[in-house]
Engineer: 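Once you've had a glance at the structure underneath, I'll fire off some questions.
In what follows, chains carry the letters A, B, and so on, assigned in the order in which the sequence lines appear, proteins first and then strands, with residues in each chain numbered from 1. Just so you know, these numbers use all the heavy atoms, side chains as well, and skip hydrogens, waters and symmetry mates.
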Amino acid sequence: MPLNIFKELAANRFLIWTFAAHDFRSQYLGSILGFVWAMIKPLIIAGIYVLIFSSVVPPENSSAGNTSYFGLYVFAGMLPWFVIQESVQRGSTVLLDHAHLIRNHKLPLYILPLHIVISATVSGILAIIVFMGVKIFFVHEVGISFVLIALILPLQILYCWGLTMLISTAHVFLRDISHLTIAMLTIWFFASPIVFTVESLPWFLTMRWVNPLVSLTAIYRDLLLFQRLPAIIDITWFALHTVVVLMIGGIFYQKTCREVVDLV
Amino acid sequence: MAQVRVINIAKYYPTYNSRKSRLASLFTGFDRSRAEARNNVALEDVSFEVPAGQCLGLIGRNGSGKSTLLRILAGIVSPSEGRVEVNGRISTILDIQSGLHPRMTGIQNIYLKGALYGLRKKEIVQRLDQIIDFSGLGEYIEHPINTYSTGMVIRLGFSIAMHMDFDILLMDEILSVGDIVFQRQCLAKIKSFLSQGKTIILATHNLGDVSAICQRVIFLKEGLVKHDGQTEMVLKDYWDICEREQNKIPRSLHPFNPENVYGIDTKEIKFRQVVFADRHGVENDTFKTGEQMQVRIGFHCTKKVYNPVFRIQFFRNDGLWVHGTNTSRAKVDLGELEGDCEILLRYDQLNLLAGDYYVSIGIWPDEYGSSFTDIAYDCRQWSYVVHIKSRQEDGGGITYNPFTWQLLANDGRPVRAGDEAGQGESPVDCV
């Protein structure tokens with residue numbers, strides 16, 4: 001069955017890509033700066049968190065050292081978060097948002113959450129580029145490990161896809177889901193080592209099995225900030241999360257997709 | 001060989017409240033919600049076959065299940081019971097605007113919609129010029145489609161759909177959205193598809209289109225196949241039922257008064273009564289085709305009025321103007337009128353065929369004698385109904401034209417002089 005999924009994805013790749021490209025473009029259509037906003041937004045958001053948390057939580061005695069380093073530390077941790085947040089937030093209502101399309105065209109419904117995830121990932125890649133720019137500005141070194149992020153992105157896409165597939169189909173049946181999801185996102189954000197360092201709150205490491213962001217942020221920081229290979233344990237945990245979430249989302253989708261057309 | 005085979009399909013839609021229990025039932029296998037949902041029947045026990053190359057029309061009132069049936073055929077909605085067998089590629093135009101992104105340009109939308117129809121990039125590039133050409137949008141194709149008029153969006157959507165590869169085309173109410181020229185263009189395109197041997201199934205309320213292109217019509221009523229057969233027969237059946245339904249709608253004597261378009265009330269002439277009567281002058285509202293009909297219009301002039309124009313118009317219930325006449329066209333000079341008056345309009349032979357006709361009567365100022373020629377003295381729009389009954393021999397349609405059928409040549413035996421078929425005795429095309 002998993003092989004079939006990838007065959008289907010390959011067969012529908014033009015449709016998926018066209019949808020994702022249209023979604024990404026339409027967000028910045030008509031604005032003067034265009035997709036530059038996709039780069040400015042993460043910079044502003046990361047900047048705000050750095051300002052707040054560097055004054056509230058003193059980052060001394062941690063791997064994050066001085067303030068500019070702490071800034072990069074937070075920024076690196078936010079990179080996967082941006083993608084997950086955008087995917088889940090916009091993905092949770094994607095089936096209802098496209099109700100008109102679903103009712104009038106025969107199309108595989110799973111591409112709807114997927115195209116949001118891909119569009120969010122494109123924004124995420126732009127944020128990574130911004131991060132690298134900021135890093136060069138402060139640290140004057142790049143390293144080569146950052147290219148390996150390209151290997152993590154497909155895994156991250158699959159994870160987000162599984163998650164949004166689950167949430168968006170559930171939302172069709174239970175219209176409370178998207179509101180619940182938005183609330184849960186806030187909790188998830190603060191329950192993850194994004195604006196906190198793992199060293200200051202070591203219990204994060206015991207949360208690995210339930211919160212994939214513990215591993216994912218570590219992978220991002222290793223590759224982009226510390227210029228080293230990520231720990232095997234982080235990669236294993238995140239891959240496990242991806243498989244489980246994709247399976248749950250996929251099974252849920254398969255069980256319900258026939259009914260979705262009648263209910264949107 | 002049947003290209004589309006529909007076998008005993010039924011569709012029950014879930015009630016709005018059952019959606020939560022539906023989710024549970026999907027996983028527990030407990031089917032309470034399905035039983036509940038039987039209340040919302042969209043289709044029931046529908047079976048038919050469509051041979052290749054046929055143009056099938058689906059008619060029926062709103063909510064009769066036409067769109068649901070098309071969606072099931074397209075594979076978008078799955079039937080609750082029964083199954084559908086389709087041989088060949090299907091293309092659909094269920095909603096011309098869905099899948100179009102308002103802020104994207106025409107070109108971008110062609111790619112988007114083409115991808116939705118399952119085309120690859122290469123295939124879209126191949127057709128791009130044809131699509132743009134057919135749409136007639138010219139340079140506007142580079143503009144975002146929210147700057148288009150409704151008609152332009154429809155033209156774009158239609159030309160994309162027309163350039164897909166398909167054996168079976170499903171269309172829902174497409175022909176009635178554009179202007180008349182566009183509708184003719186679409187009909188021409190559809191006819192060219194039919195001549196290529198493609199199968200077309202269309203749902204529409206425009207019976208004119210149906211009779212123009214469909215060989216066969218299915219009339220759906222509350223989810224059931226009420227009538228399935230040759231176009232004229234089914235349309236006649238549908239028409240009769242609609243007319244019966246329409247007569248239940250209460251009518252007021254004055255639906256609206258066009259006399260007041262300028263806010264001026266000319267009180268010179270008012271109707272007193274309008275009487276429809278048979279040849280003996282007895283009031284009646286039911287006539288036989290070819291009978292005499294008298295219309296007596298009584299009115300009152302509050303002051304001297306010179307030669308007002310009396311106008312009468314007959315409409316079919318869908319608004320088609322069937323017949324009209326006025327005293328000005330008929331070159332009747334009424335002279336100076338004052339006080340209570342009455343005028344008679346006599347049809348020696350009312351050549352309308354069976355049906356209900358709505359009558360508007362108005363009194364207008366003489367075109368040359370008044371400055372307000374477009375303000376009626378008094379006007380009653382669609383205020384009277386005459387029921388016409390006709391014999392089968394009178395023919396079909398809306399007008400009766402006295403006719404004779406005559407056999408002119410027959411290789412089998414020589415045609416005898418005086419062997420002409422009399423009116424109404426030969427096999428007339430009866431509907």
Side-chain angles (χ1 to χ4, degrees), chain A residues 8 10-31 34 95-109 111-112 115 119 166-177 248 251-264, chain B residues 11-14 16 18-27 33-34 37 40 42 67-68 70-80 90-105 108-124 144 146 170 172:
Chain A
E8 270 229 42
N12 286 314
R13 64 185 186 280
F14 178 62
L15 180 59
I16 295 165
W17 180 246
T18 311
F19 258 64
H22 273 71
D23 178 74
F24 181 76
R25 267 195 227 134
S26 70
Q27 290 179 63
Y28 305 107
L29 217 60
S31 62
L95 290 176
L96 289 182
D97 294 343
H98 291 81
H100 205 243
L101 194 69
I102 293 172
R103 276 201 299 261
N104 292 303
H105 283 276
K106 186 179 164 72
L107 82 165
L109 299 182
I111 72 152
L112 291 173
H115 93 277
S119 163
L166 178 69
I167 294 169
S168 58
T169 34
H171 181 62
V172 171
F173 293 87
L174 220 61
R175 303 285 162 98
D176 315 68
I177 296 284
I248 295 174
I251 289 168
F252 194 84
Y253 167 81
Q254 275 203 323
K255 283 257 184 194
T256 54
C257 67
R258 272 164 57 95
E259 307 273 324
V260 166
V261 186
D262 295 350
L263 294 172
V264 290
Chain B
K11 179 69 190 174
Y12 313 115
Y13 273 109
Y16 188 79
S18 73
R19 62 183 65 229
K20 278 164 251 137
S21 53
R22 246 175 132 66
L23 182 62
S25 72
L26 282 174
F27 290 92
S33 65
R34 200 166 281 269
N40 268 348
S67 299
T68 303
L70 285 181
R71 290 198 170 98
I72 290 175
L73 292 178
I76 298 168
V77 169
S78 45
S80 309
I90 283 193
S91 184
T92 56
I93 320 180
L94 298 182
D95 186 303
I96 214 137
Q97 300 208 33
S98 81
L100 294 179
H101 197 299
R103 291 188 298 151
M104 299 285 174
T105 68
Q108 287 169 326
N109 271 296
I110 293 175
Y111 279 101
L112 188 65
K113 191 101 175 182
L116 264 175
Y117 279 121
L119 255 54
R120 280 151 204 279
K121 185 167 186 172
K122 194 177 65 201
E123 294 169 310
I124 298 174
N146 59 5
L170 308 175
D172 194 358

Engineer: How far apart are the closest heavy atoms of G99(B) and L101(A), and which atoms are they?
Structural biologist: CA-CD1, 3.3 Å
Engineer: Can you name the closest pair of heavy atoms from K121(B) and F14(A) and give their distance?
Structural biologist: CB-CE1, 3.5 Å
Engineer: Is any residue of residues 21-28 of chain A within less than 4.5 Å of chain B by heavy atoms, and which ones?
Structural biologist: H22(A), R25(A), S26(A)
Engineer: Between I111(A), N104(A), L107(A), which has the largest tally of heavy atom pairs under 4.5 Å with chain B?
Structural biologist: N104(A)
Engineer: Under the side-chain contact (heavy atoms from CB on, under 4.5 Å) test against S98(B), which residue among H98(A), H100(A), R103(A) passes?
Structural biologist: H100(A)
Engineer: With no hydrogens and no angle check, just 3.5 Å: does a side-chain donor-acceptor pair link T92(B) and H105(A)?
Structural biologist: no
Engineer: At a 4.5 Å cut-off on heavy atoms, which part of I16(A) comes close to chain B: side chain, backbone, both, or neither?
Structural biologist: neither
Engineer: Once you round to the nearest 0.5 Å, how far does CZ of R71(B) lie from CD1 of I102(A)?
Structural biologist: 12.0 Å
Engineer: Would you sort out whether D262(A) and K11(B) count as a salt bridge (Lys or Arg N to Asp or Glu O under 4.0 Å), showing the intermediate values?
Structural biologist: CA-CA 10 Å; D262(A) 295 350; K11(B) 179 69 190 174; 2.7 Å; yes
Engineer: Could you give the distance from OG (S78(B)) to CZ (R258(A)), rounded to the nearest 0.5 Å?
Structural biologist: 4.0 Å
Engineer: Between R120(B) and chain A, with a heavy-atom cut-off of 4.5 Å, which part of the residue counts as in contact: side chain, backbone, both or neither?
Structural biologist: both
Engineer: Picking from I124(B), L116(B), D172(B), which has the most non-hydrogen pairs under 4.5 angstrom with chain A?
Structural biologist: L116(B)
Engineer: Does any heavy atom of chain B fall under 4.5 Å from the side chain of L29(A), the backbone, both, or neither of them?
Structural biologist: both
Engineer: Taking only residues two or more places apart in sequence, or in another chain, which ones meet K113(B) in a salt bridge (charged side-chain N to carboxylate O under 4.0 Å, His left out)?
Structural biologist: none
